[in-house]
Visitor: 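Below you will find the structure I want to go over with you.
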Amino acid sequence: MSIPTQWTPTHGEPYRPVPYRPRRMPVQESLARAAELRERMDGRRTVRQFSADPVPDQVVRDAIACAATAPSGAHQQPWTFVLVKDPGVRRRIRAAAEEEEQLSYAGRLGEEWLAALRPLGTDEVKPHLTDAPALIVVFQQRYWLGEDGEKRKHYYVDESVGIAVGMLLSALHLSGLAALVHTPSPMRFLSEALGRPVNEKAFAVIPVGYPSDDCRVPDLVRKSLDQVLVEV
């Protein structure tokens, strides 16, 4: 196993390229892998009913490591992943999230949004936040501090963290775990509950685990490829 290089900001440093020579995959192998990946990812579903069975810690850590390979604006990697397993902390997060959700479902969302959510069967009760054995709370770093204490801006933060979360969901699914993306609004309580610094803003809460034996999901149909793909 190679020893990881310690990352430090490269702000203002000159361009120093290094060789990149990945193995070129034979066409037939590439086609087979792409077909297998498409089939496996088509089986991914958002799960809200979790088993309390523990999940392997290293599987979750490896999935987060995969997410952290995502491209980011100016390679500033503006993300923090907080893995929460402590039952007491998860209970506090659930209580605060449900308090916000009650306001949202009572009218803050508006009827158009509520109508869009209705076929999904969601409501203000969020048992997945305590039933799942782990939560991954993703924070976006709005800026970083230089050695001189000056604030340094991050670029394309929303896009960068969004890509990382997509890669995280893929890695979890392909490793045999279920997840969902939960975004209570507002999410300031997450920074307080987890003691995060002022430059970080909560982006999403991702419960992780195995589906419960009685798990049910909405009867949804994904758009076909020809509905989402335009070739020019």
Side-chain angles (χ1 to χ4, degrees), residues 6-12 46 48 60-61 63-110 113 116-117 122 124-126 128-130 132 134-172 179-209:
Q6 182 65 35
W7 183 85
T8 55
T10 56
H11 184 81
T46 291
R48 292 181 172 83
V60 179
R61 294 190 188 104
I64 292 172
C66 289
T69 69
S72 60
H75 188 55
Q76 292 179 328
Q77 303 161 85
W79 43 62
T80 301
F81 302 88
V82 181
L83 179 57
V84 184
K85 296 184 292 181
D86 183 278
V89 177
R90 288 188 283 119
R91 283 194 296 269
R92 290 196 294 275
I93 288 175
R94 176 180 174 180
E98 288 184 339
E99 184 176 342
E100 295 295 346
E101 294 289 88
Q102 286 168 3
L103 295 174
S104 295
Y105 278 87
R108 186 165 61 184
L109 294 180
W113 194 342
L117 290 173
T122 63
E124 67 273 17
V125 182
K126 306 298 179 184
H128 46 264
L129 295 175
T130 47
L135 305 177
I136 302 172
V137 185
V138 185
F139 289 87
Q140 50 181 206
Q141 301 169 7
R142 306 308 300 179
Y143 60 88
W144 58 279
L145 296 175
E147 293 182 0
D148 55 4
E150 184 178 350
K151 289 183 180 180
R152 305 286 187 183
K153 182 181 179 180
H154 281 315
Y155 300 94
Y156 296 103
V157 176
D158 292 341
E159 294 85 348
S160 301
V161 179
I163 294 169
V165 167
M167 293 178 63
L168 174 61
L169 296 174
S170 298
L172 291 168
L180 74 93
V181 178
H182 180 57
T183 54
S185 179
M187 292 193 282
R188 287 187 296 273
F189 68 88
L190 290 165
S191 296
E192 298 169 3
L194 299 173
R196 301 312 305 159
V198 294
N199 68 315
E200 293 187 359
K201 178 182 177 182
F203 186 84
V205 184
I206 302 176
V208 177

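Everything numeric in this text was worked out from a predicted model, so none of it was measured.
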Visitor: Got V89 and L194 here, is their nearest side-chain heavy-atom distance under 4.5 Å?
Guide: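 Answer yes - side chains close enough.
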Visitor: With a 4.5 Å heavy-atom cut-off, do I163 and P71 have their side chains touching?
Guide: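 Answer yes - side chains close enough.
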Visitor: Y143 ring centre to K151 NZ or CZ under 6.0 Å, with the angle to the axis within 45°?
Guide: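 Yes, cation above the ring, under 6.0 Å and within 45°.
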Visitor: Find out whether P78 and Y155 are in side-chain contact, i.e. whether some heavy atom of one side chain is under 4.5 Å from a heavy atom of the other.
Guide: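 P78 does not reach Y155 side chain to side chain.
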Visitor: Quick one: does T183's side chain get under 4.5 Å of V205's, heavy atoms only?
Guide: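 T183 does not reach V205 side chain to side chain.
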Visitor: Answer yes if the side chains of Y105 and T122 hold a donor-acceptor pair under 3.5 Å, and no otherwise.
Guide: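 Looking only at side-chain atoms, T122 and Y105 do form a donor-acceptor pair, the distance falling under 3.5 Å.
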Visitor: How many angstroms lie between atom CZ of R94 and atom CD of E99, to the nearest 0.5 angstrom?
Guide: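 So the gap between those two atoms works out to 14.0 Å.
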Visitor: Using 0.5 Å steps for rounding, measure from the CD atom of Q76 to the CD atom of Q141.
Guide: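 Rounded to the nearest 0.5 Å, the CD-CD separation comes to 10.0 Å.
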Visitor: If you measure from the Lys or Arg side-chain nitrogens to the Asp or Glu carboxylate oxygens, is any gap between D158 and R142 under 4.0 Å?
Guide: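 Salt bridge present between D158 and R142.
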Visitor: Could you tell me which non-hydrogen atom of A164 sits nearest to which non-hydrogen atom of F81, and how far apart they are?
Guide: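 That would be CB-CZ, 4.2 Å.
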Visitor: Rounded to the nearest 0.5 Å, what separation is found between the CD1 atom of I93 and the CG atom of L135?
Guide: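 Output value for this atom pair is 5.5 Å.
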Visitor: Using side-chain heavy atoms (C-beta onward) and a distance below 4.5 Å, is K126 in contact with H182?
Guide: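 In contact.
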Visitor: Could you tell me whether R188 and E192 make a salt bridge, using a distance below 4.0 angstrom between a side-chain N and a carboxylate O?
Guide: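 No salt bridge links R188 with E192.
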Visitor: Tell me every residue that passes side-chain contact (heavy atoms from CB on, under 4.5 Å) with S104, counting only those two or more places apart in sequence or in another chain.
Guide: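 Checked S104 against side-chain contact (heavy atoms from CB on, under 4.5 Å); matches are E101, R108, L109.
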Visitor: Would you give the length of the straight line joining atom CZ of R196 to atom OG1 of T80, rounded to the nearest 0.5 angstrom?
Guide: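 Between R196 CZ and T80 OG1, I get 5.0 Å after rounding to 0.5 Å.
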